[in-house]
K.L.:
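Sharing a structure below in structure tokens format, with a few things to ask.
In what follows, chains are A, B, ... by sequence order, proteins preceding strands, each numbered from 1.
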2 protein chains.
Amino acid sequence: MATTLHDVAQVAGVSFKTVSNVINDHPNVRPTTRARVQAAIAELGYRPNLTARSLRSGHSGAITLAVPQLRLPYFAELADAVISAAEAHGLVVLIEQTSGGRDRELEVLKSPRLKMSDGLIFSPLGLGEEDAALVTAEVPIVLLGERIFSSSCDHVTMQNIEGARAATEHLLDIGRKRIAVVGAHEGEVIGSAGLRLKGYREALEARGVPYDDSLVAYMGEWHRANGALAMHELLERGVEFDAVFGFNDTLAQGAMRVLQEAGRRIPDDIAVIGFDDLDETRYSLPTLSTVDPGRTEIAETAIKVLMERIKTPDGPAPREIETTFSVVARESTLGTAP
Amino acid sequence: MATTLHDVAQVAGVSFKTVSNVINDHPNVRPTTRARVQAAIAELGYRPNLTARSLRSGHSGAITLAVPQLRLPYFAELADAVISAAEAHGLVVLIEQTSGGRDRELEVLKSPRLKMSDGLIFSPLGLGEEDAALVTAEVPIVLLGERIFSSSCDHVTMQNIEGARAATEHLLDIGRKRIAVVGAHEGEVIGSAGLRLKGYREALEARGVPYDDSLVAYMGEWHRANGALAMHELLERGVEFDAVFGFNDTLAQGAMRVLQEAGRRIPDDIAVIGFDDLDETRYSLPTLSTVDPGRTEIAETAIKVLMERIKTPDGPAPREIETTFSVVARESTLGTAP
DNA sequence: TTGAAAGCGCTAACAC
DNA sequence: GTGTTAGCGCTTTCAA
């Protein structure tokens, strides 16, 4: 059996409450008593039972992170950032994978095991704006992503429109006029695809470049295969273009691959930019220009906001927070260094 | 306040123990009573408090997975597989990132919060064989990876030697004789690098191909940048070779990139194979041949063994389990399909 | 400054 | 079949 407060108290010759006081750094403990208790703790190798503490105190020191899948690099890097940010505050992270399915996402919200943690950082993919009212749970929630904006949760999101506008402007700045888009979603207004398309159009309009729908590749999921497929189609249709804006890095890499197979030089013939600033964009050939959406900032902000909400559930009204972004220009738009 | 067993019992007009019986599917409950209780549960929206259950029953339904970093694709895919396997058994997964540092790895083993879970799946990087005795905790451990073989924990590992031998044989089979190695660790015997080098040498020897140390690139960490660097050096040294075995996919991709920049055709001039079968190997240009080390099997086996050990801590002697592997031949060794 | 008592919500023995 | 009793190990409240 593991040693308990009682065992420590017995060895130290004090009441078990005093031991508790020492462990929790309560002020009213005489130094000599404290020392005696600490010696006993060390002697017995005592470790507090966090489950019991959690039951009594009502909070566990754990939070849940719900993401579609860790095998998708974007979510792996997000999870990494969230775990690091949580760790810095002494929190552990429990991960639920939802596959991005609506039912599974709802299930996670309702699951009793969510209550094993003090709060939820939730990155939905299946749920949409119409489900906003369903995004509630027995713990505070911080919402991530672009699927739902009208919920009653705190929401941390990247600047999709502005980021996409900046990416497009970057392509215009290097003299490109016919910019193909890979990753649009038919009819979507909000959601990453809708917002990024909006940013793209805004940039064109601001520079007086006409919008041409034949340059826009619509598709379902943002898998690399779809990026490749879309680029195949664009090439086959014989559409002329001198740049590609992939709505995420994965799509951009799929597109790059097809362009290279087709003998197009990047960026000489076609410049390519992505979105997300995945680690791997630093290592592709050529390295991929992209938009850094502020992932670390997203993670740290989410943790901060969640902790505040856990502390004061009836605190300020739900906040809508946008992180800062930046365009990262690499070889796929600038060419190789001389 | 959340509703408790008592509230449900009161509404249903039974004792709270009966409610507990219903929830835990105990047999001795009359159907009518059961129905009444279930109605009360539904009416009140009762959800069991898992923390209390956990305190009382001594197990939490959570396990901990400790890995270096999720931003490394190998560990992201491993974590994905472990979470999915755990989910299938009704377990949640708590993730600790260690950065692969020895101190942090020891800290995780000793941390009281490990006890919030029922067991640990541990993939160390900083700890080594000499630390085997330190790999103990207050919960059962299943060890992953190639750092420690002599601990007293169950150990699930891939067939490194055999996999590397098979990869090398694949290169020999397609007629390559001078196979460069990227990722060796100076003086290492066990550990992924040591084992894979052994497999490489065994394959050469079996075919009567002389081993040439000038073909072997030694390095520190297996980052893509190091793969690129190693390949630069090999090219600069003017060593002749017609194939490259990257000790993981990341190294192989770094190497591929440098080869392509140098104008070498893959696989016509140089064939390339990696190790790990990361998702992204399907999408590189060319697609990367690699060794599938059986990641899903590793995850499922680890969960299965851990659950057994949780159930019967003094069960069978610690097991050493190897998963099945396979060589996945893609364009980087076979060339493009006609 | 320290101690005693109560109880978080649940499960496991055992009695009825 | 159902209820009673006793804690799991801890924090909290209040008294000494």
K.L.:
Side chains of Glu320(B) and Thr157(B): is there a donor and an acceptor less than 3.5 Å apart?
P.N.:
no
K.L.:
Look at the side-chain N and O atoms of Asn24(B) and state whether any lies under 4.0 Å from the OP1 or OP2 oxygen of dT11(C).
P.N.:
yes
K.L.:
Over all heavy atoms of both residues, which pair between Lys110(B) and Thr136(B) is shortest? Give the atoms and the distance, please.
P.N.:
NZ-O, 3.0 Å
K.L.:
For residues 61-77 of chain A, run the donor-acceptor check on the side chains, cut-off 3.5 Å, and write out each pair with its distance to 0.1 Å, sequence neighbours left out.
P.N.:
residue	atom	partner	partner atom	Å
Thr64(A)	OG1	Ser117(A)	OG	2.7
Arg71(A)	NE	Asp80(B)	OD2	3.2
Arg71(A)	NH2	Asp80(B)	OD1	3.0
Glu77(A)	OE1	Asp279(A)	N	3.4
Glu77(A)	OE1	Arg295(A)	NH2	3.0
Glu77(A)	OE2	Asp279(A)	N	2.9

K.L.:
Rounded to whole Å, how long is the line connecting atom CZ of Arg53(B) with atom P of dC10(D)?
P.N.:
22 Å
K.L.:
Under 4.0 Å between a Lys/Arg side-chain N and an Asp/Glu carboxylate O for Arg102(B) and Glu130(B)?
P.N.:
no
K.L.:
Which sits closer to the 5' end of DNA chain D, Pro31(B) or His6(A), going by the nucleotide each is nearest to?
P.N.:
Pro31(B)
K.L.:
Does anything in residues 11-19 of chain B reach DNA chain D, meaning a heavy atom under 4.0 Å, and if so which residues?
P.N.:
Val14(B), Ser15(B), Lys17(B), Thr18(B)
K.L.:
Closest nucleotide of DNA chain D for Thr4(A) versus for Thr32(B): which of these residues is on the 5' side?
P.N.:
Thr32(B)
K.L.:
Return the 5'-most residue of the pair Arg36(A), His59(B) with respect to DNA chain C, ranking by each residue's nearest nucleotide.
P.N.:
Arg36(A)
K.L.:
Below 4.0 angstrom from OP1 or OP2 of dC10(D), is there any side-chain N or O of Ser20(A)?
P.N.:
no
K.L.:
Nearest whole angstrom, please: distance from the P of dG3(D) to the CZ of Arg30(B).
P.N.:
10 Å
K.L.:
Should Ile41(A) and Val37(A) be marked as a side chain to side chain contact (heavy atoms under 4.5 Å, CB included) after you check the CA-CA gap, both sets of side-chain angles, and the distance that decides it?
P.N.:
CA-CA 6 Å; Ile41(A) 289 176; Val37(A) 170; 4.0 Å; yes
K.L.:
Rounded to whole Å, how long is the line connecting atom CG of Asn21(A) with atom C1' of dC14(D)?
P.N.:
13 Å
K.L.:
Strictly by ring pair (Phe, Tyr, Trp, His ring centres under 6.0 Å), give each pair with a member in residues 126-152 of chain A just once, sequence neighbours left out.
P.N.:
Phe149(A)-His155(A)
K.L.:
Picking from dC10(C), dG9(C), dG7(C), which would you name as closest to the side chain of Arg56(A)?
P.N.:
dG7(C)
K.L.:
Whole Å only: how far is the OH atom of Tyr46(A) from the P atom of dG9(D)?
P.N.:
10 Å
K.L.:
Indicate, with a heavy-atom threshold strictly under 4.0 Å, whether Thr33(A) touches base, sugar-phosphate, or nothing.
P.N.:
sugar-phosphate
